[in-house]
Amino acid sequence: MRNELSSDPYREGRARHYKLHHQKNLRTRLTSWREQEVVRLALEAAGRPEIVLDLPCGTGRYWPVFESNGCRKLIAADISEAMLDVAAEDKPNIADFSYRQLDLFDIDLPDKAVEFISCQRFLHHVSIPEERAQVLSELRRVASGHVAISLWVDGNLQGRRYVNREIRPEPGYGRRICRRRNEVERDFLEAGFTIIDHYDVWPGIAMWRLYLLKV
Ligand SMILES: C[S@@+](CC[C@H](N)C(=O)[O-])C[C@H]1O[C@@H](n2cnc3c(N)ncnc32)[C@H](O)[C@@H]1O
């Protein structure tokens, strides 16, 4: 189990590259737009929560979605100071906005501190089952309402290439893995969540899926 603040996986150059990557061509812009759209659908299904934690926020790709969907208080957080520095260049128009360094394995916030947590593009980097359980337990502790998690699942064209690859477990934030939907869903249920819905970024084609969970 991990309890210390994990090390920064991004440096300044990589953080800026991450931001530019999602704007660099039509394909990445379209995918980013669809990812924002599924977060919007999850917010709507969750009743447009007002107090939101975006963890990990990366360079803030989802802030415009929170801004235009009823969010009144946004805590944006990431382990990476470099990501937070790049993200802070474009602050959202949300009156109660703050950003800070937080570790998903040990979130330094009280129980039920926020209504909704958006956890995008993180969990498929965690290959050790006990560590995934720790992250899910932390998300469930800190949210009072819903958690939206995106990750890679099988059951689509892209997943066929990935799902049978050998997983070499590595601690913390590591190489991305594709997992079977039924195993992912079992993890959510074992962590105590109810699965409300799921939204595929490119249905039938891409591995990206967002799950909306109730605590
Ligand atoms: C692929 S990026 C996704 C960022 C953002 N959610 C998005 O979709 O654009 C993964 C992020 O996870 C952050 N990260 C890695 N380990 C973390 C940890 N232990 N706690 C919090 N954030 C972490 C990285 O710094 C990075 O910003």
Side-chain angles (χ1 to χ4, degrees), residues 1-24 27-43 52-67 71 74-90 92 98-109 113-114 116-128 130-139 141-143 147-152 170-178 199 201-202 206-211:
M1 290 287 185
R2 305 154 54 80
N3 282 312
E4 292 158 25
L5 201 69
S6 313
S7 61
D8 188 342
Y10 288 79
R11 303 235 160 66
E12 206 276 337
R14 238 187 118 193
R16 190 158 303 284
H17 174 82
Y18 187 81
K19 180 173 181 169
L20 296 176
H21 169 76
H22 291 283
Q23 308 163 348
K24 79 176 176 201
R27 184 182 61 80
T28 60
R29 283 202 300 274
L30 270 176
T31 298
S32 210
W33 168 75
R34 271 295 298 164
E35 286 181 279
Q36 291 172 330
E37 181 59 12
V38 296
V39 169
R40 187 187 68 73
L41 291 173
L43 286 169
V52 174
L53 169 65
D54 181 17
L55 175 62
C57 67
T59 56
R61 285 193 303 141
Y62 302 94
W63 296 352
V65 186
F66 302 127
E67 185 183 296
C71 174
L74 176 63
I75 304 171
D78 200 289
I79 196 85
S80 164
E81 283 187 296
M83 281 294 208
L84 289 168
D85 286 346
V86 173
E89 291 167 5
D90 293 301
S98 58
Y99 57 96
R100 56 189 287 188
Q101 199 182 17
L102 288 178
D103 185 351
L104 265 152
F105 292 97
D106 186 11
I107 304 173
D108 186 15
L109 287 175
V114 296
F116 183 99
I117 303 180
S118 174
C119 181
Q120 307 302 312
R121 289 192 174 220
F122 176 80
L123 203 61
H124 61 301
H125 283 274
V126 184
S127 55
I128 297 180
E130 293 77 13
E131 294 196 344
R132 282 197 295 268
Q134 187 174 352
V135 169
L136 292 176
S137 155
E138 279 295 87
L139 292 171
R141 180 184 66 75
V142 173
V147 175
I149 296 179
S150 82
L151 74 173
W152 280 359
E170 52 185 326
Y173 183 83
R175 272 182 296 270
R176 296 179 293 182
I177 56 170
C178 173
Y199 310 88
V201 170
W202 297 119
M207 294 184 284
W208 287 117
R209 171 173 280 197
L210 179 144
Y211 280 93

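First listed ligand is number 1; within each ligand, the first listed atom is number 1.
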Less than 4.5 Å apart, side chain to side chain, heavy atoms only: is that true for R34 and W202? yes
With heavy-atom distances below 4.0 Å as the criterion, list the atoms of ligand 1 near [X].
X: Y62; value: 7 (C), 8 (O)
X: F122; value: 12 (O), 14 (N), 15 (C), 16 (N), 17 (C), 18 (C), 23 (C)
X: F105; value: 19 (N)
X: L104; value: 18 (C), 19 (N), 20 (N), 21 (C)

Could you see which bit of M83 sits under 4.0 Å from ligand 1, with heavy atoms only: side chain, backbone, both or neither? side chain
So between P56, G58, C119, whose heavy atom ends up nearest atom 6 (N) of ligand 1? P56
Compute the minimum heavy-atom distance from L102 to ligand 1 and say whether it is under 4.0 Å. yes
So is there a nitrogen or oxygen of [X] less than 3.5 Å from a nitrogen or oxygen in ligand 1?
X: D103; result: yes
X: Q120; result: yes
X: H125; result: no

Check: R61/S32 side-chain N/O donor and acceptor closer than 3.5 Å: yes
Between T31 and W208, do the side chains contain an N or O donor and an N or O acceptor separated by less than 3.5 Å? no
Got a second to check how far S127's OG is from R132's CZ, nearest 0.5 Å? 7.0 Å
Taken to the nearest 0.5 Å, the spacing of E131 CD from L104 CG works out to 12.0 Å
Only counting residues at least two apart or in another chain, list the ones meeting side chain to side chain donor-acceptor pair (under 3.5 Å) with H125. Y173
Listed by chain and number, what are the side chain to side chain contact (heavy atoms under 4.5 Å, CB included) partners of R175, not counting sequence neighbours? R168, E170
